[in-house]
Amino acid sequence: MRVATWNVNSLRVRGPQVLDWLAANPVDIIGLQETKLADADFPVADFEAAGYQVLFSGQKTYNGVAVAFRERAFTTRATALPGSDDPQKRVLCVADDDLCFLNLYIPNGSEVGSDKYAYKLDWLNRLQAYVGELRQQYRQLIVVGDFNIAPDDRDVHDPDEWRGKVLFSEPEKQAFRDLTALGLIDCYRLFEQPAADFSWWDYRANGFKRNRGLRIDHILASQALARQCVGCHIDKAPRGLERPSDHAPVVAEFEP
DNA sequence: ATGGCGGCTGAGAGCCGA
C-alpha cells in the first residue's frame, strides 16, 4: 500500500498535474489539501476516470480537503474536529473496517502572537484530543497533511533564520511532539534521508531554485503500520513544473 | 530590511498563504 499527501493550492489549477502525477505514481490513497473548491465543483468524474474514488469536504476560495483512493470501502467519518462548528474546511477523516485515514490542513498561524496563531494552537490542542480518540478506536491509523509545522532543525533550510517564527516556533513543535507521543510515527524519519530535503518552498525570491524550503507536510502512522513502512520520500518533481503548487507530494509505502 | 509570488474574488485592490 502506498499513500501520499499533497497540498495542491487550488485543485482547479492543479487538477491536471494531480491526475498526471497519479498516473505516474499510482498510490492507493492520497490526501489533498487547499482544494479551494465548493463540493458542487469537485471534479469527481476526472478522478473516477483515473480509477479513483474520492471523498471531499470543501468550500469556496479557501481551505478544502479531499481523499482519493482505490480498491477500498472508505466512507467519511468526520469533516471537522469533534464539537467544532468551524466553517474552515480543514479536516477529512475517512475509514473502513481496517484503516482510518485522517487528512488535515492545519492552520498556517500567520505570525507568532497573532489571532491566527492563537487559533492554530487551539486547533492543535483540539486535534490532540481527537487523534487520541482515533488512536483508541483504530489499530491502523494514518494521519497526513499540511501540518504547517517543521518539527526539527533538519526540516528548515536555515533554522536560525526561522527560530521562533511561525511554522517553527516552540509551541508548534511541542504540539507536533505531543501528537507523536500518542503513538504516531513520522514515517519520513524512519529512513535515512537526503540533507536539505523539503516539501514547501516560497513562490517568492526563487525559493525553490535556492532550495530555501521547509518540511511541513507529513505522513504519520500508528506503530502497527509504521512497522510495515518500507519507504518514505518527498517527490520534488512537480514543484519544478510550470505553474506548480508551492508544496511537493510526500509518499510512504507499506508492506504487509 | 521589507517584499518577493501566486491564487482567489469579481472586475479593483485586497485578502491569504507559509
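Computed from a predicted structure; not experimentally measured. Throughout, a chain's letter reflects where its sequence line sits, starting with A, and its residues are numbered from 1.
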* Structure fact -> Whichever of Pro244(A) and Pro107(A) has the more 5' nearest nucleotide on DNA chain B, that residue is Pro244(A)
* Structure fact -> To the nearest angstrom, the CZ-C1' distance between Arg210(A) and dG3(B) comes to 12 Å
* Asked: Would a 4.5 Å heavy-atom cut-off, applied to side chains only, mark Pro249(A) and Trp21(A) as touching?
  -> yes
* Any side-chain heavy atom of Ile142(A) within less than 4.5 Å of one from Val3(A)? -> yes
* Nearest-Å distance for atom pair NZ/C1', residues Lys209(A) and dC5(B) -> 13 Å
* **Between P of dG7(B) and NZ of Lys60(A), the distance in whole Å** => 18 Å
Atom pairs and distances, donor-acceptor, side-chain atoms in residues 38-54 of chain A, under 3.5 Å, two or more places apart:
residue, atom, partner, partner atom, Å
Asp39(A), OD1, Gly58(A), N, 2.7
Tyr52(A), OH, Val27(A), N, 3.4
Tyr52(A), OH, Val27(A), O, 2.7

* **Transitive ILVMFWY side-chain link Ile106(A) to Phe168(A), under 4.5 Å** => yes
* What is the per-nucleotide protein-contact pattern of nucleotides 12-17 of chain B, from the 5' end, where B denotes a base atom under 4.0 Å from a protein heavy atom, S denotes such proximity for sugar-phosphate atoms only, and - denotes neither? -> ----SB
* Asked: Is the distance between the ring centroids of Phe176(A) and His218(A) under 6.0 Å?
  -> yes
* Structure fact -> When rounded to whole Å, the CZ to C1' distance for the pair Arg239(A) and dG6(B) reads 10 Å
* To the nearest Å, how far apart are Leu104(A) CG and dA18(B) C1'? -> 17 Å
* Using the salt bridge (Lys or Arg N to Asp or Glu O under 4.0 Å) rule, take Arg163(A) and Asp153(A) through it: C-alpha gap first, then chi angles, then the decisive distance, then the call. => CA-CA 9 Å; Arg163(A) 216 170 298 285; Asp153(A) 279 11; 3.2 Å; yes
* To do: Report the distance from atom CD of Gln33(A) to atom P of dG7(B), rounded to the nearest whole Å.
  => 17 Å
* Structure fact -> Sequence neighbours excluded, the answer for side chain to side chain donor-acceptor pair (under 3.5 Å) partners of Asp86(A) is Tyr119(A)
* Rounding to the closest angstrom, what is the interatomic distance between dG3(B) and dG14(B) at atom C1'? -> 16 Å
* Respond yes when some side-chain nitrogen or oxygen of Arg14(A) is under 4.0 Å from OP1 or OP2 of dG7(B), and no when none is. => yes
* **For atom CZ of Arg212(A) and atom C1' of dC5(B), their distance in whole Å** => 14 Å
* Closer than 4.0 Å, any side-chain N/O of Arg243(A) to the OP1 or OP2 of dG7(B)? -> yes
* Write down the distance separating the C1' atoms in dA11(B) and dC15(B), rounded off to the nearest Å. => 16 Å
* Using a 4.0 Å heavy-atom cut-off across all strands, classify Lys165(A) as base, sugar-phosphate, or nothing. => nothing
* Considering only the P atoms, how many Å lie between dG10(B) and dG4(B), rounded to the nearest integer? -> 24 Å
* **C1'-based separation of dG7(B) from dA18(B) [nearest Å]** => 14 Å
